[in-house]
Amino acid sequence: LKEDGLETLMVNSNPETVSTDYDTSDKLFFEPLTLEDVLHIYERENCWGAIAQFGGQTPLNLALGLQANGVNILGTSPQSIERAEDREMFAAMLHKLDIPQPPNGLATTEDEAVAEAHKLDYPVLVRPSFVLGGRAMQIVYSDTELRYYMQHAVEASPARPVLVDKFLEDAIEVDVDCIADAKDGTIVVGGMLEHVEFAGVHSGDAAMVLPPHSLSQAAIDTMREYTHAMARELEVTGLMNVQYAVKDEVVYVLEVNPRASRTIPFVSKTIGVPLAKLAAKVMAGVNLSEMGFTEEIWPSYWAVKESVFPFNKFVGQDIILGPEMRSTGEVMGLDADLGIAYAKSQMAAGSPLPLQGRVFISVSDAHKDGVPALAKDFVGLGFELVATSGTAKVIEESGLAVERVNKITEGRPNPLDLLKNDELQLVVNTPSGQVPRSDEVQIRTSAVYTGTPIMTTLSSAKAAVNGIRAIKKAGYGVQTVQEYH
């Protein structure tokens with residue numbers, strides 16, 4: 001905006017972020033992001049407008065109140081923001097556009113929640129309305145769990161109902177970021193990021209691949225069509241993020257955020273286009289067509305986003321990922337080969353994939369079907385297998401050799417001893433059910449302390465296999481980001 005001769009003011013109460021660097025804006029206010037404080041600044045500085053799209057959820061929640069007090073909100077209108085945020089208005093909009101969303105309901109009491117869950121069938125995803133970072137979201141598998149959640153996790157009230165959604169198990173989640181200019185009707189998808197983990201892992205924690213690698217062209221076209229339809233309907237000016245789930249070739253919309261999402265910097269770096277900068281100019285009145293960005297860019301290489309977690313700082317904290325966000329950073333792996341791009345992302349995140357050694361596999365009964373193929377892949381790459389009784393039986397039945405090891409409760413040597421002695425190079429351990437057994441938690445936390453790479457979903461274990469295979473076959477090269485563009 002400075003390039004276009006505008007004076008810019010930043011209001012941010014968090015001194016720890018890049019946006020509060022002295023050279024980012026002309027004036028910087030360390031003030032709380034409340035209606036009263038922002039209004040005072042706006043009035044005192046005689047501002048022309050305010051941009052609410054770049055600060056996550058907090059400024060969106062302020063937008064209607066600011067507008068009611070005479071603030072010129074630049075970009076997507078607060079009314080459109082509300083249509084995307086308010087459950088009932090959002091459902092009505094999707095119905096009008098004929099776009100499917102997972103079956104869902106609202107509950108203001110414990111009994112209502114149980115009744116809704118029975119209508120939808122377990123598992124269901126429960127969460128309070130208007131939440132930040134997936135706070136208090138949970139995947140629930142039974143009445144008892146649901147009643148416990150309603151009593152302990154949330155304060156439900158008619159003004160703040162609890163949302164109950166059918167949870168689509170084993171669906172593939174996709175984040176789509178787009179930039180739109182309602183004035184001249186241009187809408188461009190910046191990037192589609194396919195999550196490596198199945199739906200249900202918070203998008204801030206999931207590993208992601210751009211462009212999508214396992215989706216059909218039909219699903220990709222449908223997501224593009226839905227994204228354009230919603231951006232037009234909401235008259236988006238600036239950025240918009242949509243989260244989709246794809247199951248059995250049906251594309252469902254999980255949610256729409258009419259703002260910059262956390263994937264914007266990653267997408268921008270991958271396609272070589274500064275989306276946030278273009279969006280700011282669009283909000284200030286410049287057309288996308290004038291800036292020459294009207295066509296999607298599909299890279300000819302792969303970009304993998306991996307999240308970085310602080311688990312080694314929290315002794316005994318289980319590392320299973322869920323709807324609540326836990327990562328504290330992210331890294332990027334780029335390569336013409338998807339396997340190598342994934343391997344690079346693991347190196348950057350601090351747990352490089354091993355190229356030889358022993359793999360410990362222990363998965364829940366729900367995932368046992370996927371074990372023979374995975375075990376065969378590891379053996380084919382020259383790894384030795386180690387497993388506890390249940391998983392070992394499945395591996396032996398598929399005709400492969402496996403070293404059996406005691407469960408922690410059965411005596412020693414057990415997986416913890418092997419980890420401490422550096423006898424395991426990779427751990428694949430998926431959680432059993434909603435409440436993980438304490439021995440699983442011990443295995444996962446020990447892997448973190450000993451710096452052993454650990455995969456807690458079968459999909460990331462498969463990605464690891466592809467990564468190891470690609471690196472063993474061809475090694476890897478390094479290029480600057482500029483060379484990719």
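When reading the values below, keep in mind they use all heavy atoms of this one structure, side chains included, and skip hydrogens, waters and symmetry mates. Only a predicted model underlies this, so the values are computations on that prediction, with no experimental measurement involved.
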Using 0.5 Å steps for rounding, measure from the [atom1] atom of [X] to the [atom2] atom of [Y].
{"X": "Met223", "Y": "Glu194", "atom1": "CE", "atom2": "CD", "result": "8.0 Å"}
{"X": "Glu173", "Y": "Ser203", "atom1": "CD", "atom2": "OG", "result": "7.0 Å"}
{"X": "Trp302", "Y": "Ile340", "atom1": "CH2", "atom2": "CD1", "result": "13.0 Å"}
{"X": "Ile41", "Y": "Lys27", "atom1": "CD1", "atom2": "NZ", "result": "11.0 Å"}
{"X": "Ile471", "Y": "Asn466", "atom1": "CD1", "atom2": "CG", "result": "12.0 Å"}
{"X": "Gln101", "Y": "Lys166", "atom1": "CD", "atom2": "NZ", "result": "15.0 Å"}

Can [X] and [Y] be counted as having a side-chain donor-acceptor contact under 3.5 angstrom?
{"X": "Thr222", "Y": "Glu225", "value": "no"}
{"X": "Asp205", "Y": "Ser307", "value": "no"}
{"X": "Ser289", "Y": "Asn287", "value": "no"}
{"X": "Ser261", "Y": "Asp177", "value": "yes"}
{"X": "Glu249", "Y": "Ser216", "value": "yes"}

Should the pair [X]-[Y] be classified as a salt bridge under the 4.0 Å nitrogen-to-oxygen rule?
{"X": "Arg262", "Y": "Glu330", "value": "no"}
{"X": "Glu290", "Y": "Lys281", "value": "no"}
{"X": "Asp377", "Y": "Arg469", "value": "yes"}
{"X": "Glu255", "Y": "Arg127", "value": "yes"}
{"X": "Asp111", "Y": "Arg147", "value": "yes"}

Side chain [X], main chain [Y], donor-acceptor under 3.5 Å:
{"X": "Asn14", "Y": "Asn12", "value": "no"}
{"X": "Asp181", "Y": "Leu288", "value": "yes"}
{"X": "Glu145", "Y": "Tyr141", "value": "yes"}
{"X": "Glu483", "Y": "Thr480", "value": "yes"}
{"X": "Ser13", "Y": "Leu33", "value": "no"}

Is there a side-chain hydrogen bond (donor to acceptor under 3.5 Å, both in side chains) between Gln53 and Thr76? Walk through the geometry before answering.
CA-CA 8 Å; Gln53 274 186 30; Thr76 312; 3.3 Å; yes
Where does the angle between the aromatic ring planes of Tyr301 and His485 fall among parallel (under 30°), tilted (30 to 60°) and perpendicular (over 60°)?
tilted
Geometric class of the Phe309/Phe311 ring pair [parallel <30°, tilted 30-60°, perpendicular >60°]
parallel
Report the residues that fulfil ring pair (Phe, Tyr, Trp, His ring centres under 6.0 Å) with Phe293, sequence neighbours left out, ordered by chain and then residue number.
none
Between Val242 and Tyr226, is the side chain to side chain contact (heavy atoms under 4.5 Å, CB included) condition met? List the steps.
CA-CA 9 Å; Val242 190; Tyr226 288 173; over 6 Å; no
